[in-house]
There are 2 protein chains.
Amino acid sequence: MPVELTPSQALGLWHSVSLAQVRVDSRDLTLRQLAILLHVYLVPPPHTVRGLAATLGVTKPVITRALDTMGALGLVDRVRDDRDRRNVIIKRTVEGALYLEKLGDLIILQGRHLSL
Amino acid sequence: MPVELTPSQALGLWHSVSLAQVRVDSRDLTLRQLAILLHVYLVPPPHTVRGLAATLGVTKPVITRALDTMGALGLVDRVRDDRDRRNVIIKRTVEGALYLEKLGDLIILQGRHLSL
DNA sequence: GCGGATCGTTACGCAAGCGTTTCTTTCGTC
DNA sequence: GACGAAAGAAACGCTTGCGTAACGATCCGC
């Protein structure tokens, strides 16, 4: 079942969620980092650096750096692929799942408060 | 009328929109910048640096810098307040309106494509 | 096993954002 | 008019992200 939004609702939703997120979260992930995080958690594994780079349309170092940052925050983890030891598999973490769960709650809450 | 979303829909929407935005827009605004932009365009004027800082819960230089950046991109404009020349009024631009219009279209489109 | 291709990382110089502090202009009050 | 308060900008040192290019490790076909 699709979600039908008016232009006002769409931007209003983005507005209220962004605002709440800025106020709540000092980490201030970039849009790229957030896209990576969501992709890792919403799309079936395995996820590799190369795959993410292709998906986002960015270069590999961008992914490496984003994983460095989010890894330090505990939002993702990296493990060598034993079947092809050139690959690195990006793993989910409990903390990362919690982070996205809170974001989801925020979106739902703000969506519910939309009026127009 | 509120917008009711399931957790999967909420995060799925954020995922697909973030992904599309990263692929389309090389400007890569930060979450703070986007929040400012949305606030300026969705909330009735006038908007001042101080007011935005209070709304976002950040310091004034953060707002000044964000306005510098987005001003250079043509997304917002700054005008001195003639009634109190200490204030700066943040003005909307055609280009900024167009930018947000495209973002809104993207959100609507991705919302429509949500399945679960 | 050797040579080329592939994967992820690191190095480099650069641009942009951060928080704190200081400065300049303007206001309001005495 | 003088003076403290307020708004926004600029300065400072620091951190983080960027794109390009180079680098080690690993795989695979011969």
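Every chain is numbered from 1, with letters handed out A, B, ... down the list of sequences. Just so it is clear, the structure is predicted and the values come from calculations on it, not from any experiment.
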So, is A/Thr59 near the phosphate of D/dT20, with a side-chain N or O under 4.0 Å from OP1 or OP2? no

A/Arg80 side chain N/O closer than 4.0 Å to the phosphate oxygens (OP1, OP2) of D/dC27? no

Pairwise 5' ranking along DNA chain C for B/Pro61 and B/Thr30, keeping only the more 5' one: B/Thr30

When rounded to whole Å, the CD1 to P distance for the pair B/Ile89 and D/dA9 reads 11 Å

The side chain of B/Asp84 is closest to which nucleotide in this list: C/dG19, C/dC7, C/dC27? C/dC27

With DNA chain D as reference, determine whether A/Arg32 or A/Asp81 sits nearer its 5' end, using the nearest nucleotide of each. A/Arg32

Between B/Thr64 and D/dA9, is there a contact of a side-chain N or O with OP1 or OP2 at under 4.0 Å? yes

Distance-only donor-acceptor test, A/Arg78 side-chain atoms vs C/dG8 base atoms, 3.5 Å: no

Could you tell me the separation between the CG atom of A/Asn87 and the C1' atom of D/dC28, rounded to a whole number of Å? 14 Å

Would you kindly say whether A/His15 and B/His39 are connected by a side-chain donor-acceptor distance under 3.5 Å? yes

Close side-chain approach of A/Ile90 to A/Asp77, heavy-atom, < 4.5 Å: no

A/Leu31 CG - C/dG17 C1' separation (whole Å): 16 Å

Quickly work out the B/Ile63 CD1 to C/dG19 C1' distance and round it to whole Å. 14 Å

Here the distance between atom C1' of D/dA7 and atom CG of B/Leu52, to the nearest Å, is 13 Å

Starting at CG of A/Asp68 and ending at P of C/dA11, how long is that distance when rounded to a whole Å? 12 Å

Does A/Arg85 make a side-chain donor-acceptor contact with the base of C/dG8, cut-off 3.5 Å? no

Whole angstrom is fine here: how far is it from CZ in B/Arg65 over to C1' in D/dT16? 13 Å

May I ask you to say what B/Arg50 touches in the nucleic acid, namely base, sugar-phosphate or nothing, with a heavy-atom cut-off under 4.0 Å? sugar-phosphate

Shortest non-hydrogen pair, A/Ser18 vs B/Leu38, comes out as OG-CD1, 4.1 Å

Measure CG/B/Leu56 against P/C/dC18 and give the value in whole Å, please. 10 Å

Distance check: side-chain N/O of B/Gln33 vs OP1/OP2 of C/dG17, anything under 4.0 Å? yes

Determine whether more than 12 heavy atoms belonging to other residues, nucleotides or ligands lie under 6.0 Å from atom CZ of A/Arg92. yes

What residue among B/Arg85, B/Arg86, B/Arg80 forms salt bridge (Lys or Arg N to Asp or Glu O under 4.0 Å) with B/Asp82? B/Arg85

Residue-phosphate contact under 4.0 Å: B/Arg86 side-chain N/O, C/dC27 OP1/OP2: no

